[in-house]
Each structure stands twice: as C-alpha cells, then as structure tokens.
Number of protein chains: 2
Amino acid sequence: MTRASERALEAVREMILRGDVAPGLRLGEVELAERLGVSRTPVREALTRLAAEGLVEISPNRGARVTSWSIAELEGVFDLRAALEPRATARAVSRADAADLAALDALATEMLAVGSPGPGQDLDALVPLNREFHGRLVTLADHPALAAALAGAIHAPIVLRNFHAYGDASLLRSLSHHAEIVAAARAGDPEWARAVMTAHIHNARAVMVRAAADAQNEKETGS
Amino acid sequence: MTRASERALEAVREMILRGDVAPGLRLGEVELAERLGVSRTPVREALTRLAAEGLVEISPNRGARVTSWSIAELEGVFDLRAALEPRATARAVSRADAADLAALDALATEMLAVGSPGPGQDLDALVPLNREFHGRLVTLADHPALAAALAGAIHAPIVLRNFHAYGDASLLRSLSHHAEIVAAARAGDPEWARAVMTAHIHNARAVMVRAAADAQNEKETGS
DNA sequence: CCCCCCTACATTGCACACAATTCGAGGCCG
DNA sequence: CGGCCTCGAATTGTGTGCAATGTAGGGGGG
C-alpha cells in the first residue's frame with residue numbers, strides 16, 4: 001500500500017483542482033481524515049505541502065482554507081507564466097529526443113480529438129492532458145529552479161480546471177498551439193516554440209481574466 | 001510561548017543558511033528534536049516545509065538531507081533571478097512611498113558601512129541586511145505570484161550566505177548597486193532600477209559560479 | 001575469494017491521546 | 001435593550017507509542 005500521506009496529498013489536491021471544494025472553504029482535518037480513511041497526521045502533512053504549493057492557506061490555530069484569487073493576482077500568475085514558460089519551452093524543444101516528441105505529439109493529438117467542438121467533446125478530459133503536456137515541457141527543460149518557480153507560482157487552481165471558460169475560437173487556438181509547439185520541436189526550432197508558447201499563455205490569460213471578471217460581476221449583481 | 005513548529009522551522013532554516021550543517025548531510029528527526037527541546041512532530045512539520053522551500057530533500061523512509069547544488073543548477077537559479085528580480089524591482093520602484101524609500105536607503109547605507117573593506121568590515125552582518133533589502137523590494141512589487149516564484153526558486157542556500165566569496169571589487173559593485181537602486185527609486189525611474197538590478201544579479205552570478213567552480217576543483221584535487 | 005541472503009538495529013511513518021487555543025452562545029450587568 | 005464577559009464545544013498543536021521500512025553487518029553458499 002502506497003504511503004498514506006501521498007494518497008492524502010493527491011486526494012486533496014484533486015479535490016481542489018476538480019473544484020469539488022470551493023475557494024475560501026474550510027478544510028477540516030478530522031473531516032478529511034475520516035473521508036480518506038487515515039489519521040490526522042498524514043492529512044496535516046498533505047495540507048502543509050499544499051500550502052507550500054499555494055493551493056491552500058493555513059492560519060495558525062484556525063485551520064486550512066482553499067486559496068482564493070483576486071483578478072489582479074490571477075493576472076500576475078499569467079504574467080509570470082508568460083515570462084517563464086516560453087523560456088522553458090525553448091529549452092525543452094532543443095533537448096527533446098524522438099521518444100519525447102512522440103509523447104508530446106500523442107498528447108497534442110488526443111487533446112485535439114477530445115477537445116474539438118461537436119459530439120464527443122469532453123472538456124474535463126482536457127485537464128489532465130493539458131497538465132501532462134505542460135508538465136512534460138517543463139521537465140524536458142531540465143531546469144530545476146525554473147520548474148520550482150513555476151510550481152510555486154502557478155497554483156493551478158482556477159487555471160487548470162475551467163476549460164469551460166474557453167469559447168470555441170480560443171479553445172481551438174489553444175489546442176492548435178500545442179500541436180504547433182510539437183511541430184516546432186520536430187523542426188528543432190526553439191524560437192518558434194517560444195513564440196507559440198508566448199501566444200498560448202496570452203490567449204489563456206485573456207480567457208481566464210475575462211472569465212474571472214464575469215464571475216465577479218455576476219456575484220456582485222446577484223447579491 | 002511561540003509555536004514550537006515555528007521555532008523549529010526558523011532554527012533549522014538558520015542552521016542551513018548559516019552553513020552549520022553541510023549540504024548532503026542527514027537531518028535526523030530525533031537529533032533535531034532533542035536539540036530544540038521539542039518532540040518529533042513539529043520537527044517533521046518544519047522539515048516538510050523546508051522541503052517545499054527547497055532547502056532540504058526528503059526521501060521516503062530515508063529521512064531528510066540538506067539540498068546540494070550542482071553548478072548548472074546554481075546557474076539556473078541566477079538565470080531565474082535575472083529574469084524575475086529586475087521585473088519586481090521595476091514594479092517596486094514605481095510603487096514605493098517616502099517611508100519605503102527611507103527604509104531602503106537606510107539598508108543600502110548600512111550595508112555600505114559594514115561591507116566596505118577596511119577595519120570594521122563585517123561580511124556576516126551583510127547577510128540579513130541583504131535579505132531584508134531584496135525582500136522589501138519583492139514585497140513592494142505587490143505581486144504574489146512573482147514573490148512565490150522567487151521564493152520557490154532562490155532557495156537561498158549557497159546564495160545568501162557566502163559574501164566571503166566576493167572580492168573587493170565585486171563586493172563594492174554589489175553594495176553600490178543597492179544604493180543606485182535607491183537613487184533610481186527616488187527619481188521614480190523604473191527602467192533605471194531594472195537595469196541596475198539586472199547588473200546586480202549578473203555580478204552576483206559571476207561571483208557565485210566562480211566560487212562554486214573553485215570549491216569543486218579544490219575538492220576534486222584534494223581527494 | 002566473492003557474492004548473496006538473512007538477521008538485528010536504527011529511523012521514519014502513522015495512529016492515538018492529551019493540551020492549548022479559538023470561536024460562538026448564553027447569561028449577566030449596565 | 002445593547003454590550004461585555006464567561007463558559008463550552010470544536011478544532012488545531014504537540015507528545016508519545018507502535019508498526020513498517022530501509023540499512024548495515026555477519027554468515028553461508030557458490
């Protein structure tokens with residue numbers, strides 16, 4: 001049986017990323033422990049690590065809450081991704097071997113298949129594929145500090161779910177970008193890949209900031 | 001009494017940053033617990049958080065070790081700082097008010113006082129001042145994602161101690177940079193500050209990479 | 001003689017029990 | 001009737017014991 005703290009970490013992270021628990025909500029230690037069938041100890045460790053990742057915030061003696069993001073902070077995340085991910089992508093492209101290219105190609109192709117509008121479109125299936133694609137690029141860049149910086153900043157929450165926020169046009173752009181990055185990698189052209197990734201992040205930024213603003217307006221109007 | 005886990009965190013972090021424990025060395029839970037007068041529980045939490053910061057590495061069932069850095073990884077850290085800190089500095093400069101300027105000025109001035117060659121030079125006193133200076137700039141930038149990225153990547157270990165690695169010339173350059181950044185801030189000129197910070201990081205990079213290479217050569221020769 | 005396995009020890013991982021702190025509710029006083 | 005205080009329940013922080021895992025040393029087999 002795999003480590004209980006690992007399972008707890010994955011389970012809670014998945015809960016947050018899938019949106020099962022809303023931002024700002026309390027995460028009680030006993031509740032999580034019972035739900036996962038472990039004691040509070042591994043749950044506490046998982047929460048500590050998630051706090052370091054930025055997915056939750058812990059106040060002393062007051063427990064853990066899912067992190068919530070202002071629009072300004074969300075824009076900051078994309079600023080940072082725009083600064084770092086193209087750099088990582090360029091490095092990754094110049095280091096990828098045939099097996100890496102095949103794996104990236106498979107991911108991009110599958111994302112196009114399940115993400116294209118029409119019957120069979122499954123926006124939720126895109127989430128893990130997208131994570132895998134970007135994760136592989138970062139790993140391929142072989143730059144631990146950069147990987148740590150991205151991990152420390154992206155905080156995937158709103159960012160990595162919510163493909164539902166994309167309209168058809170921007171979603172297709174996004175999926176095409178992945179394929180184009182693979183093409184650039186095959187061509188061994190880091191600058192091409194860098195440019196596409198830059199566009200990719202800016203496209204995502206436009207979608208996400210718009211979605212966040214809409215959500216906020218809706219909430220203010222509703223109340 | 002302040003939280004035991006906080007004390008443990010600070011104590012262990014300080015131990016590592018001050019170089020009291022060499023990189024690669026094991027950090028036994030019981031040993032630390034006895035040394036700090038607490039039980040293993042807060043020590044474990046401290047180690048978990050330090051692992052998230054990157055100061056230690058934890059292998060399952062095999063304990064925690066102080067992270068050690070290859071020269072390539074060290075260069076990666078400075079690449080990242082060169083990409084992010086100038087950006088943060090520019091933002092900070094355009095947001096600083098009179099009180100911030102005074103505080104930065106005081107820090108820069110004091111660093112010049114205690115760091116200048118001659119009697120009274122105290123390289124170790126520079127360490128906390130330097131941390132404070134850079135930390136204030138990052139805070140002033142008011143950009144949580146960027147702050148998280150830097151925190152996640154810098155991992156201060158070798159970087160933040162070791163002012164001893166600087167020669168007189170590069171040390172004076174470094175101290176002057178701080179003062180010049182304050183001047184740029186007073187002038188309300190973000191681009192000026194950005195440029196100086198860029199130079200500042202590159203200067204530090206040259207010193208640190210050189211020092212790391214020397215240390216490695218020395219070790220290889222000696223063995 | 002070298003390699004593999006097997007046993008004993010040390011250390012970490014987890015669960016549980018207790019102490020300390022926080023937040024809310026009810027009552028008391030002004 | 002409103003505000004403050006006190007008491008209580010719930011939750012987090014810490015200590016300790018036990019089980020599981022990794023490691024080192026010695027003995028047996030090839």
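Residue numbering restarts at 1 for every chain, and letters A, B, ... go by the order of the sequence lines.
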Peer 1: If I take atom CG in residue A:Leu36 and atom P in nucleotide C:dG13, what distance separates them, rounded to the nearest angstrom?
Peer 2: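 Spelled out: CG on A:Leu36 to P on C:dG13 is 19 Å.
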Peer 1: Between C1' on D:dT23 and CZ on B:Arg65, what's the gap in Å once rounded to a whole number?
Peer 2: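 My rounded result for the distance is 12 Å.
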Peer 1: Whole Å only: how far is the CD atom of B:Glu34 from the C1' atom of C:dT11?
Peer 2: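 Result: 13 Å.
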Peer 1: Which whole-number value in Å describes the distance from B:Glu45 CD to C:dG13 C1'?
Peer 2: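 Value for this atom pair: 15 Å.
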Peer 1: Report, one line per pair, each donor and acceptor closer than 3.5 Å where one atom sits in a side chain of residues 20-35 of chain A; sequence neighbours left out.
Peer 2:
| residue | atom | partner | partner atom | Å |
| --- | --- | --- | --- | --- |
| A:Glu29 | OE1 | A:Arg40 | NE | 3.0 |
| A:Glu29 | OE1 | A:Arg40 | NH2 | 3.1 |
| A:Glu29 | OE2 | A:Arg44 | NH1 | 2.8 |

Peer 1: B:Glu57: which residues meet the salt bridge (charged side-chain N to carboxylate O under 4.0 Å, His left out) condition with it, sequence neighbours left out?
Peer 2: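 Counting only residues at least two positions away or on another chain, B:Glu57 forms no salt bridge (charged side-chain N to carboxylate O under 4.0 Å, His left out).
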Peer 1: Taking only residues two or more places apart in sequence, or in another chain, which ones meet A:Arg194 in a side chain to side chain contact (heavy atoms under 4.5 Å, CB included)?
Peer 2: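 Partners of A:Arg194 under the side chain to side chain contact (heavy atoms under 4.5 Å, CB included) test: A:Pro86, A:Arg87, A:Ala90, A:Glu191, A:Thr198.
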Peer 1: Reckon B:Thr41 has a side-chain N or O less than 4.0 Å from the OP1 or OP2 of D:dT14?
Peer 2: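 For D:dT14, neither OP1 nor OP2 has a side-chain N or O of B:Thr41 closer than 4.0 Å.
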Peer 1: Reading nucleotides 7-12 of chain D 5' to 3', which nucleotides get B (base under 4.0 Å from a protein heavy atom), which S (sugar-phosphate only), which -?
Peer 2: ----SB
Peer 1: Rounded to the Å, how far apart are B:Leu32 CG and C:dT11 C1'?
Peer 2: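 These atoms are roughly 13 Å apart.
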Peer 1: If the condition is side chain to side chain contact (heavy atoms under 4.5 Å, CB included), which residues does A:Arg136 pass it with, not counting sequence neighbours?
Peer 2: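 With sequence neighbours excluded, A:Arg136 shows a side chain to side chain contact (heavy atoms under 4.5 Å, CB included) to A:Ala103, A:Leu104, A:Leu107, A:Glu132, given in chain and number order.
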Peer 1: For A:Glu6 and C:dG13, give me the distance from atom CD to atom P, rounded to whole Å.
Peer 2: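 So the CD-P distance, A:Glu6 to C:dG13, works out to 10 Å.
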Peer 1: If you count heavy atoms of other groups shown closer than 6.0 angstrom to CZ of A:Arg210, is the number above 12?
Peer 2: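 Atom CZ in A:Arg210 is not crowded, with 12 or fewer foreign heavy atoms closer than 6.0 Å.
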Peer 1: Round to a whole Å and report the spacing from CZ of B:Arg3 to P of C:dA19.
Peer 2: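 Computing the B:Arg3:CZ to C:dA19:P distance gives 17 Å.
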Peer 1: Partners of A:Pro42 by side chain to side chain contact (heavy atoms under 4.5 Å, CB included), sequence neighbours excluded?
Peer 2: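 Result, side chain to side chain contact (heavy atoms under 4.5 Å, CB included) vs A:Pro42: A:Ala4, A:Ser5, A:Val38, A:Ser39.
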